[in-house]
Amino acid sequence: MKTRKGYKTYPLTVAQKFHHYYLEHCPKKEVVNVGTSLTIEYEIEIDLLKQCIYEAYDRSEAMRARLAFDKKENQWYQYVVEKEERDIEYVDFTGKTMDEAAYIMKQWTKVPFVREDSPMNKVVMIKTPDGNQGIYLLGDHLLLDAQSLIGFLRDVIEIYCAKKFEDVEYPAPMRSYLEQLEKDLTYEAGSKAQQRDREFFYKLIEESEPIYNGIEGPGELEEARKSDPSARSVQFGVRSVDAQLDIFHLEEEPTTRLMRFCEEHHISLQCLLLMGIRTYLQKMNGNDDVSVNVAYARRATLSEKKSGGTRIHSFPFRTIIDESTSFIDGIHIIRDGQNEIFRHTNFNPVEYFAHRREVYNVGPGSVYEPMTLTYQPLTLKDRGLVNIGDIKYKTKWYPNGATTQAMYLTVMHRPDDNGLDFNFEHQIEAITRDKLEFFYYYLCKIMFKGIENPGLSIGEIIRLV
């Protein structure tokens, strides 16, 4: 397929194919939906807001992208339309409770998109029962991730502020989605960079086989070893993809302590979170060898940051850290390992997992990692919304009700106090809220014990908590 409706077409990228793969195998097609809302404690001019949304569409090629399927080739393509002209609805939730409004937006989030020649996002202007006004945004994960979603919302509000207030500068232009797409496809077409990344990951995989560490302990691995005494992976056998989102809130003051520790020791919060998670798994399973999946945003350059789309690649992150190692030295091991992985994250994760299965002769449903972590440092507060002064705003994420993973933890900063929200999206059959509370409680205990006593050994921290 060369063109569609007069527009040039492009193949899907590796990141998009990953989402499409699990979409095809999932009975609930809303599994790729991402829904959120941004509301401001301010009287917004709805007609002006609508004008700003259309302008943000004009500035973002990714938000005007469409999908098309070629039956002869049995392949999906994408293209970008010139203009977004569909109507933008306004919904006033006045008279309802906040819970009722949230329930309705959750229902919106559970409606799959028409997949061919159709918009892959939906914007609704809203007024919530607390009097706030703003936007609900729903996007398809094939063409939008958390960072591009936040980027679009911020662009709308910055445009609005620039039109409304004389002293507010107009936001800088977005970057071209199609130019970035062409770069990604060039990398994927057998480039030298791709070959270097392949060599790095193949060597990493072939060094030795990882071992599964369960959230609740070694029970699942022990069960697998009844049929295969040498098993180091487990079969992921939960059939239902029905999921829910449970959120745990860490207050502003303890969050500030974590962030201060990271600044003083020149590490990212992601490294500290990984240290906490792997130490918890080490405690529960008695293994020094721990692996978890980590989602990497792949937005290092300005083009990657501002071109929208979906760029997340997810890779296992494995560390073998002895209990005699100090907490701070363990974090440095994680930091160095993360820095090494970052340089190669353009590689195809599907190829990574396929090669690992082949090397260790395990079935397609076999896993070594019990969960995935993503840390989302980007917030609306970063640069954009400081222009609206002391005006308060709220953001809220809405679950789509389905996930193909047992547990996916997204850690984000709250806009109102910059505290941390631990968002656990999990399969209901795989893990209960009680188990999540246990996990979250010990994760926090480990992190705070570690930052208060960074010289303590991991073994000592495990015994103290």
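Residue numbers count from 1 along this sequence.
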For side chain to side chain contact (heavy atoms under 4.5 Å, CB included), just list the numbers for Arg278 and Val292, CA-CA rounded to whole Å, side-chain angles, deciding distance to a tenth of an Å, and then say yes or no. CA-CA 8 Å; Arg278 74 158 315 284; Val292 295; 5.9 Å; no
Do [X] and [Y] come close enough that some side-chain heavy atom pair is under 4.5 Å?
{"X": "Leu138", "Y": "Asn33", "answer": "yes"}
{"X": "Tyr352", "Y": "His355", "answer": "no"}
{"X": "Met105", "Y": "Ile126", "answer": "yes"}
{"X": "Asn423", "Y": "Leu409", "answer": "no"}
{"X": "Thr310", "Y": "His19", "answer": "yes"}
{"X": "Phe439", "Y": "Ile277", "answer": "yes"}
{"X": "Phe327", "Y": "Leu456", "answer": "no"}
{"X": "Glu158", "Y": "Leu153", "answer": "no"}

Plane angle bin for Phe18 and Tyr22 - parallel if under 30°, tilted between 30 and 60°, otherwise perpendicular: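 Correct class here is perpendicular.
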Do the ring centers of [X] and [Y] come within less than 6.0 Å of each other?
{"X": "His344", "Y": "Phe200", "answer": "yes"}
{"X": "Phe201", "Y": "Phe347", "answer": "yes"}
{"X": "Tyr375", "Y": "His413", "answer": "yes"}

Ignoring hydrogens and geometry, is there a side-chain-to-backbone donor-acceptor pair from Glu30 to Pro112 under 3.5 Å?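 Not a single qualifying donor-acceptor pair exists.
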If only atom types and distance count, is the side chain of Glu100 paired as donor or acceptor with the main-chain N or O of Thr97 below 3.5 Å?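 Checking the backbone N and O of Thr97 against the side chain of Glu100, a donor-acceptor pair under 3.5 Å is found.
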Hey, could you give me the [atom1]/[atom2] distance between [X] and [Y], rounded to the nearest 0.5 Å?
{"X": "His25", "Y": "His20", "atom1": "NE2", "atom2": "NE2", "value": "10.5 Å"}
{"X": "Arg335", "Y": "Asn339", "atom1": "CZ", "atom2": "CG", "value": "7.0 Å"}
{"X": "Arg175", "Y": "Ser307", "atom1": "CZ", "atom2": "OG", "value": "9.5 Å"}
{"X": "Asn293", "Y": "Gln405", "atom1": "CG", "atom2": "CD", "value": "6.5 Å"}

Exercise: do [X] and [Y] side chains pair donor with acceptor under 3.5 Å:
{"X": "Ser148", "Y": "Asp145", "answer": "yes"}
{"X": "Glu220", "Y": "Tyr212", "answer": "yes"}
{"X": "Gln427", "Y": "Thr403", "answer": "no"}
{"X": "Glu252", "Y": "Thr255", "answer": "no"}
{"X": "Arg298", "Y": "Thr345", "answer": "no"}
{"X": "Asp228", "Y": "Ser230", "answer": "yes"}

Do the numbers put Lys283 on top of the ring of Tyr442, so that NZ or CZ is under 6.0 Å from the six-membered ring centre and no more than 45° off the axis?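 Geometry flag: set, cation within 6.0 Å and 45°.
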Can [X] and [Y] be counted as an ion pair, charged N to O under 4.0 angstrom?
{"X": "Arg232", "Y": "Asp289", "result": "yes"}
{"X": "Glu216", "Y": "Lys435", "result": "yes"}
{"X": "Asp421", "Y": "Lys396", "result": "no"}
{"X": "Glu369", "Y": "Arg356", "result": "yes"}
{"X": "Glu199", "Y": "Lys203", "result": "no"}

Mind checking ring-ring contact (aromatic ring centres under 6.0 Å, His included) for Phe422 and listing every partner two or more places apart, or none if nothing turns up?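 Expected list: Tyr440.
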Does atom CZ of Phe342 have more than 12 heavy-atom neighbours, drawn from other residues, nucleotides or ligands, at distances under 6.0 Å?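 Count over threshold, so yes.
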Is the count of non-hydrogen atoms from other residues, nucleotides or ligands lying under 6.0 Å from Glu179 atom CD greater than 12?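 Not more than 12 within 6.0 Å, no.
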Check the pair Ile40 / Lys392 against side chain to side chain contact (heavy atoms under 4.5 Å, CB included), numbers first and verdict last. CA-CA 6 Å; Ile40 298 172; Lys392 293 180 180 177; over 6 Å; no
Go through it in stages, so that I can follow the logic: the residues are Tyr296 and Gln338, the test is side-chain hydrogen bond (donor to acceptor under 3.5 Å, both in side chains), and I'd like the CA-CA distance, side-chain angles, deciding distance and then a yes or no. CA-CA 10 Å; Tyr296 299 96; Gln338 284 284 285; 2.9 Å; yes
Test side-chain hydrogen bond (donor to acceptor under 3.5 Å, both in side chains) applied to Arg318 and Ser208, step by step: CA-CA 11 Å; Arg318 180 186 183 190; Ser208 62; 3.1 Å; yes
Kindly indicate, with the supporting measurements, whether the criterion side chain to side chain contact (heavy atoms under 4.5 Å, CB included) is fulfilled by Asn453 and Lys449. CA-CA 6 Å; Asn453 307 276; Lys449 183 64 72 175; 3.6 Å; yes
Check the pair Glu223, Lys226 against salt bridge (Lys or Arg N to Asp or Glu O under 4.0 Å), reporting the backbone distance first and the verdict last. CA-CA 5 Å; Glu223 189 64 30; Lys226 287 178 182 176; 3.1 Å; yes
Hey, could you give me each pair passing salt bridge (Lys or Arg N to Asp or Glu O under 4.0 Å) that has a residue in residues 180-198? Not counting sequence neighbours.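 Residue pairs with at least one partner in residues 180-198: Lys8-Glu182, Asp184-Arg311, Arg198-Glu351.
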Verdict with reasoning, Lys106 to Asp99, per salt bridge (Lys or Arg N to Asp or Glu O under 4.0 Å): CA-CA 10 Å; Lys106 277 182 193 174; Asp99 285 344; over 6 Å; no
Carefully, step by step, assess Lys29 and Leu23 under the rule side chain to side chain contact (heavy atoms under 4.5 Å, CB included). CA-CA 6 Å; Lys29 301 310 176 188; Leu23 169 70; 3.8 Å; yes
